[in-house]
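Take a look at the structure set out below.
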Amino acid sequence: MDKIIIEGGQRLEGEVTISGAKNAALPIMASTLLADGTSALENIPDLLDIRTIANLLRRLGAEVDLSAGRAEINSNSVENLVAPYELVKTMRASVLVLGPLLTRFGKAQVSLPGGCAIGARPINLHLKGLTAMGAEINLEHGYVQAEAPLGLQGADIFFDLPTVTGTENLLMAAVLANGTTILRNAAREPEVADLANALTAMGAKIEGIGTDVLTIEGVKSLKAISYGVMSDRIEAATFMAAAGITGGRITIKQAPVSALTAVENKLKQTGLKFDHPGQDTIVVTGPSRINSVDIKTEPYPGFPTDMQAQFMAMMCFASGLSVITETIFDNRFIHVSELERMGADIRLSGNTAIVEGVPALLGAPVMATDLRASASLVLAGLAAKGQTEVSRVYHIDRGYERIEEKLSGLGARIRRIKA
Ligand code: EPU
């Protein structure tokens with residue numbers, strides 16, 4: 001397994017270009033199962049999770065061509081309607097094929113994702129919504145067996161809580177259903193809106209994009225698209241934190257500026273300075289010492305859970321006490337014990353972490369446990385004294401494109417050791 005070695009203490013300076021958003025690219029790639037013909041998707045990041053969904057689509061029978069920043073997908077020859085355990089267990093987002101397969105082909109078998117490093121993460125709300133649309137769903141041998149031989153029917157669905165992939169699955173199911181579907185308390189994440197825009201380009205009829213009520217009028221068929229996926233707001237936010245934690249100055253290009261308001265607002269309170277010289281360019285300057293600030297993760301437009309670990313890494317160096325409350329996932333603090341190995345002072349109580357900033361962390365061997373936890377360890381390593389060795393970096397490769405190349409371009413002393 002590859003490792004990343006970081007010599008901490010370099011101030012990061014320069015320009016970085018943000019890649020396409022993983023969490024928008026995944027559902028949009030799955031949505032090509034709904035369309036007739038070959039879709040051409042641009043701004044597709046080169047990531048492990050993208051290769052996994054490409055392999056899953058191929059397994060279903062689709063033709064998928066991945067090349068520099070681009071995916072061409074034709075689903076006309078799909079005939080295998082099974083998403084197998086060995087793929088789903090490596091990436092929960094595989095469950096995104098359930099809605100499209102069921103609505104277009106009347107049948108789907110998708111392995112239940114099982115446990116996860118950050119929490120229980122059930123898919124009950126996806127299944128409840130599909131059942132309300134007339135699907136017959138059984139759980140057998142670890143698989144969701146779903147059938148709708150006469151097609152799905154429009155329904156009025158209220159999500160008990162806003163679920164991102166749940167909203168995406170139901171949205172994709174509804175675009176080819178008979179009649180009108182209303183999704184209430186839908187997730188408002190920009191990635192959901194990006195999917196809805198891609199579906200609209202295919203010919204879907206969706207109202208309320210970007211709000212928590214989506215009204216979808218089913219159509220008979222959808223056509224292939226050419227579509228550019230939005231930029232990754234969490235990658236951009238992670239580079240903002242890199243500027244903050246190293247007291248550096250980073251120009252972030254191709255940033256999805258409007259999707260970053262909550263993060264920018266909190267980072268400003270920590271002492272970071274922001275300039276917006278162009279529509280999708282942000283210049284971030286870190287302070288000489290970070291201020292402690294409290295955060296609470298919330299569904300969009302609140303502070304994203306996918307930035308909680310990276311924000312905590314910053315707070316480890318801040319001048320005071322920070323209270324970090326995680327409200328989305330029940331176990332998303334695994335990075336805490338790794339940060340403590342580097343000298344961080346963190347107390348955990350339920351879903352709250354109290355971080356007392358210290359003047360310095362010391363580099364140490366640490367282990368990545370999930371994607372965003374890994375990013376927090378890399379950030380801590382950039383600012384720590386001495387060498388940090390992050391193992392199990394396949395986690396970071398799931399969601400950050402060429403991370404060590406981008407960071408070394410900014411002056412970080414970082415390298416990968418291939419296993
Ligand atoms: N939930 C249920 N039942 C459901 C669905 C969700 O109880 O049927 C709960 C979850 O257990 C969680 C909460 O609802 O407590 C929110 O989960 P959500 O369904 O919104 O998460 P997700 O769709 O599984 C996506 C992202 C995650 C991101 C979350 C929250 C993708 C592929 N994944 O997951 O991204 O953390 O939304 O914003 O879009 C990451 O990129 O590192 C990552 C984990």
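Counting starts at 1 for both ligands and their atoms, in listed order. Residues: numbered from 1 along the sequence shown.
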Which residue and non-hydrogen atom of the protein lie closest to atom 25 (C) of ligand 1, and at what distance in Å? Val164 CB, 3.8 Å
Closest heavy-atom pair, Leu361 versus Val358, reported as atoms and distance to 0.1 Å, is CD2-CG2, 3.7 Å
Are Tyr85 and Tyr143 an aromatic pair, judged by ring center distance below 6.0 Å? no
Should Lys22 and Asp232 count as an ion pair when the cut-off is N to O under 4.0 Å? no
Tell me the protein heavy atom at minimum distance from atom 44 (C) of ligand 1, and give that distance in Å. Arg332 NH2, 3.5 Å
How does Asp306 reach ligand 1, by side chain, by backbone, by both or by neither, if only non-hydrogen atoms under 4.0 Å count? side chain
Criterion side-chain hydrogen bond (donor to acceptor under 3.5 Å, both in side chains) against Ser19, the qualifying member of Arg402, Gln254, Lys406: Lys406
If the cut-off is 4.0 Å to any non-hydrogen atom of Thr305, which atoms of ligand 1 fall inside it? 30 (C), 36 (O), 38 (O)
closest protein heavy atom to atom 14 (O) of ligand 1 is Leu161 CD1, 2.9 Å
Basic-acidic side-chain contact under 4.0 Å: Arg392, Asp397: no
Strictly below 4.0 Å, N to O, side chains only: are Asp36 and Lys223 in salt-bridge contact? no
With a 4.0 Å cut-off, would you call Arg70 and Glu42 a salt bridge? yes
Which of the numbered atoms in ligand 1 are below 4.0 angstrom from a heavy atom of His126? 8 (O)
Out of Thr165, Leu125, Leu96, the nearest non-hydrogen contact to atom 22 (P) of ligand 1 is supplied by Thr165
Give the atoms of ligand 1, by number and element, whose distance to some non-hydrogen atom of Lys22 is under 4.0 Å. 40 (C), 41 (O)
Going by heavy-atom distance to atom 11 (O) of ligand 1, choose the closest among Pro162, Ala309, Pro122. Pro122
Tell me the contacting part of Glu326 for ligand 1: side chain, backbone, both, or neither, using a 4.0 Å heavy-atom threshold, strictly below. neither
Logged contact type for Thr163 with ligand 1, heavy-atom cut-off 4.0 Å, is both
What is the closest protein heavy atom to atom 21 (O) of ligand 1, and at what distance does it sit? Phe329 CZ, 3.9 Å
Just jot down the ligand 1 atoms closer than 4.0 angstrom to any heavy atom of Ala93, in number order. 32 (C)
Is there a donor-acceptor pair closer than 3.5 Å between any side-chain N or O of Asn351 and the backbone N or O of Glu326? yes
The closest protein heavy-atom partner of atom 41 (O) of ligand 1 is Arg372 NH2, 2.8 Å
Part of Arg121 with heavy atoms under 4.0 Å of ligand 1, whether side chain, backbone, both or neither: both
Glu340 and His335: side-chain donor and acceptor closer than 3.5 Å? no
Heavy-atom nearest neighbour in the protein, as seen from atom 16 (C) of ligand 1, with distance rounded to 0.1 Å: Ile328 CG2, 3.7 Å
Write out the residue and atom name of the closest protein heavy atom to atom 3 (N) of ligand 1, then the distance separating them to 0.1 Å. Asn124 OD1, 2.7 Å
Can you find a side-chain donor-acceptor pair between Asn43 and Tyr227 that sits under 3.5 Å? no
Test: Arg59 and Glu86 ion pair at under 4.0 Å: yes
Nearest protein heavy atom with distance in Å, relative to atom 33 (N) of ligand 1: Asn23 ND2, 3.7 Å
